[in-house]
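Down below is the structure, laid out as structure tokens.
Positions are given from 1 along the sequence. Whatever order the structure lists ligands and atoms in, that order sets their numbers, starting from 1.
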Amino acid sequence: MAFGDSLWNHTAGVDLTPRPPLPGDIEADVAIVGAGYTGLWTAYYLHELDPGIRIAVVEREIAGFGASGRNGGWCSALFPPASSGIARRHGLQAAVAVRRAMHESIVEVGRVTEREGIDVDYARGGTISLARNKAQLTRARELVEEERRLTGPVEGLELLSKEEAEGVARATQVLGATYTPHCAVVHPLKLARGLADRVEARGVSLFERTRATGLRPGELVTEHGTVRAEVVVRATEGYTASLRGERRRFVPLYSLMIATEPMPSSVWDEIGLRRRETFADLRHMRIYGQRTADDRLAFGGRGAPYHFGSRTRPDFDRNERVHSLLREVLADLFPAVAGHEVTHRWGGALGVPRDWQASVGFDQLRGLAWAGGYVGDGVATANLAGRTLAQLITGRESDLTHLPWVGHRSRDWEPEPLRWLGVNGGRLLLTYADRAEARSGRPARSAKAFARLVGY
Ligand SMILES: Cc1cc2nc3c(=O)[nH]c(=O)nc-3n(C[C@H](O)[C@H](O)[C@H](O)COP(=O)(O)OP(=O)(O)OC[C@H]3O[C@@H](n4cnc5c(N)ncnc54)[C@H](O)[C@@H]3O)c2cc1C
């Protein structure tokens, strides 16, 4: 399975032998489908709030098989949509509340993993987003001004000069950057597997190699039997379309990654990233990278095609064109990398709702709960989702249960072929916008219009 190609898989140093599948029909209080961060954090906090609750988690492959075991490891405060989108839809106070909750989630991931003895290579160095042409520099200024106007000093997003930016990451063509202290790097698979082990040790039943075929009130139906439970939680994110009745809920977008071999200190003296800051530039087609604990660069980007009918398949994790492009972009950013081997290439699916707003919710009457649609920003957000779901399911109320994503429902995606045309059209538009900006130095109006259209 393509999961095996990821860097994380080779460096996690943990046992990936599948746990036994569901043995037949069972009963639980809460049944969760999907053992990624969303499902596992939900189980973790449910148990913390009420150790007596019987929890069963059902996973089609193994815990961490999905995006949670393959991602870029940015445990960031990014939340879809950004503050401007939240402020427009839910008001300024809501935007500030989301910022604070996301900052807290980054700290919480570090705190819990330390307390639980899960070594995830956590380092909180913040994020630098480089401006490498004039249009990106204009965007950097606008982003900083907008965040200050909307959320005041809360975010702490700073504009860096060329010299200051190069002091953090010595990339080529840098004109300036934004910097936020609110991001940590993690080893994503160590986090997923560590969480799975800890919840299991507390008595949560975790069944792997068990595919759910449908969820309905009181029942999680799988190929090996049914889990009868008062509450059923959907935590399948980028794979949700494969569940009966959920085909148009989230579009699975593929994000692809590469990783280099470990590089010597002479290379790192040139590149920087001394505090393991996560890095990107301000192009529209998102790229992201981290310096790993063993001194590699793990680097990814969007831009792989969307597949008709929201299909997800292991061979979609590899795309020669996109993987080569990632290598070129990385060498263009940091020429010192060029002589070093790319040892790993992989990818995975993330979930995008029609209005690009993540959501978490619990329909008490039907006993159905869900979280997801993090649009590629799910590492810290899934922790917030897990804490929130645990409170909603156990009937508690707090600041978390009043955040604007609670109970939010996006409309469904269009049927095919409109969906295919729209998603792939948007992808091409952003690629052309980046090229036009690099050429002209002027922000592309088409990209702004697109951002407004999808609510960013
Ligand atoms: C390449 C890549 C890079 C990314 N980088 C970042 C990043 O740096 N920072 C960030 O914040 N976010 C990032 N993301 C997004 C982030 O990883 C996800 O948003 C997050 O992991 C979602 O967690 P989840 O538990 O909701 O879903 P997943 O981790 O995808 O888990 C869902 C699970 O459900 C299981 N499943 C699906 N269908 C069924 C079924 N029918 N029956 C049983 N089980 C089923 C799957 O096997 C899977 O294990 C990235 C995503 C990708 C793909």
Between the candidates E237, R244, R60, which shows the shortest non-hydrogen contact distance to atom 22 (C) of ligand 1? E237
Pick from G73, G72, G372, C75: the one approaching atom 5 (N) of ligand 1 most closely through a non-hydrogen atom: G72
Looking only at protein heavy atoms, which one is nearest to [atom], and what is the separation?
{"atom": "atom 49 (O) of ligand 1", "value": "E59 OE1, 2.7 Å"}
{"atom": "atom 37 (C) of ligand 1", "value": "Y239 CB, 3.4 Å"}
{"atom": "atom 23 (O) of ligand 1", "value": "S68 OG, 3.1 Å"}
{"atom": "atom 32 (C) of ligand 1", "value": "A235 O, 3.5 Å"}
{"atom": "atom 41 (N) of ligand 1", "value": "A212 O, 2.9 Å"}
{"atom": "atom 18 (C) of ligand 1", "value": "A67 CB, 3.7 Å"}
{"atom": "atom 9 (N) of ligand 1", "value": "W74 O, 2.9 Å"}
{"atom": "atom 36 (N) of ligand 1", "value": "T236 CG2, 3.9 Å"}

Go through ligand 1 atom by atom and flag the ones less than 4.0 Å from a non-hydrogen atom of [X].
{"X": "Y37", "result": "21 (O), 25 (O)"}
{"X": "R211", "result": "41 (N), 42 (N)"}
{"X": "F65", "result": "47 (O)"}
{"X": "S255", "result": "1 (C), 2 (C)"}
{"X": "V33", "result": "42 (N), 43 (C), 44 (N)"}
{"X": "L243", "result": "41 (N)"}
{"X": "V379", "result": "9 (N), 10 (C), 11 (O), 12 (N)"}
{"X": "D377", "result": "10 (C), 11 (O), 12 (N)"}

[Y] and [X], any side-chain heavy atoms less than 4.5 Å apart:
{"X": "F334", "Y": "L297", "value": "yes"}
{"X": "I128", "Y": "L130", "value": "yes"}
{"X": "R228", "Y": "L220", "value": "no"}

Applying side chain to side chain contact (heavy atoms under 4.5 Å, CB included), name anything that partners S76, two or more places apart in sequence or on another chain.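 For S76 the side chain to side chain contact (heavy atoms under 4.5 Å, CB included) partners, ignoring immediate neighbours, are W74, L78, C183.
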If we set the cut-off at 4.0 Å for heavy atoms, which region of [X] has an atom near ligand 1: side chain, backbone, both, or neither?
{"X": "P188", "value": "neither"}
{"X": "Y374", "value": "side chain"}
{"X": "T210", "value": "backbone"}
{"X": "N71", "value": "both"}
{"X": "Y288", "value": "side chain"}

With a 3.5 Å cut-off and no angle check, do the side chains of T180 and E155 form a donor-acceptor pair?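 A pair is found: one side chain offers a donor N or O, the other an acceptor, under 3.5 Å apart.
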Scan side-chain atoms only and decide if S398 and R387 contain a donor-acceptor pair under the 3.5 Å cut-off. no
Taking distance alone, with N or O pairs closer than 3.5 Å, would you say [X] contacts ligand 1?
{"X": "G378", "value": "yes"}
{"X": "S242", "value": "no"}
{"X": "A382", "value": "no"}

Any chance you could lay out the salt bridge (Lys or Arg N to Asp or Glu O under 4.0 Å) test for D197 and R202, step after step, and finish with the verdict? CA-CA 9 Å; D197 291 345; R202 281 171 169 69; over 6 Å; no
Quick one: does V375 get within less than 4.0 Å of ligand 1, heavy atoms only? no
Is G300 in contact with ligand 1, taking contact as a heavy-atom separation below 4.0 Å? no
Approximate separation, where rounding is to 0.5 Å, of [X] [atom1] and [Y] [atom2]:
{"X": "R276", "Y": "Q290", "atom1": "CZ", "atom2": "CD", "answer": "5.5 Å"}
{"X": "L389", "Y": "T42", "atom1": "CG", "atom2": "OG1", "answer": "4.5 Å"}
{"X": "D281", "Y": "I287", "atom1": "CG", "atom2": "CD1", "answer": "3.5 Å"}

Are the side chain of T236 and the backbone of Y239 linked by a donor-acceptor contact shorter than 3.5 Å? no
So with a 6.0 Å cut-off around CZ of R244, is the heavy-atom count from everything else above 12?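 No.
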Does the ring centre of [Y] sit less than 6.0 Å away from the ring centre of [X]?
{"X": "Y306", "Y": "F316", "answer": "no"}
{"X": "Y122", "Y": "H187", "answer": "no"}
{"X": "F79", "Y": "W405", "answer": "yes"}

Is it possible for you to check whether R291 lies under 6.0 Å from the centre of the six-membered ring of W268, through NZ or CZ, and within 45° of that ring's axis? yes
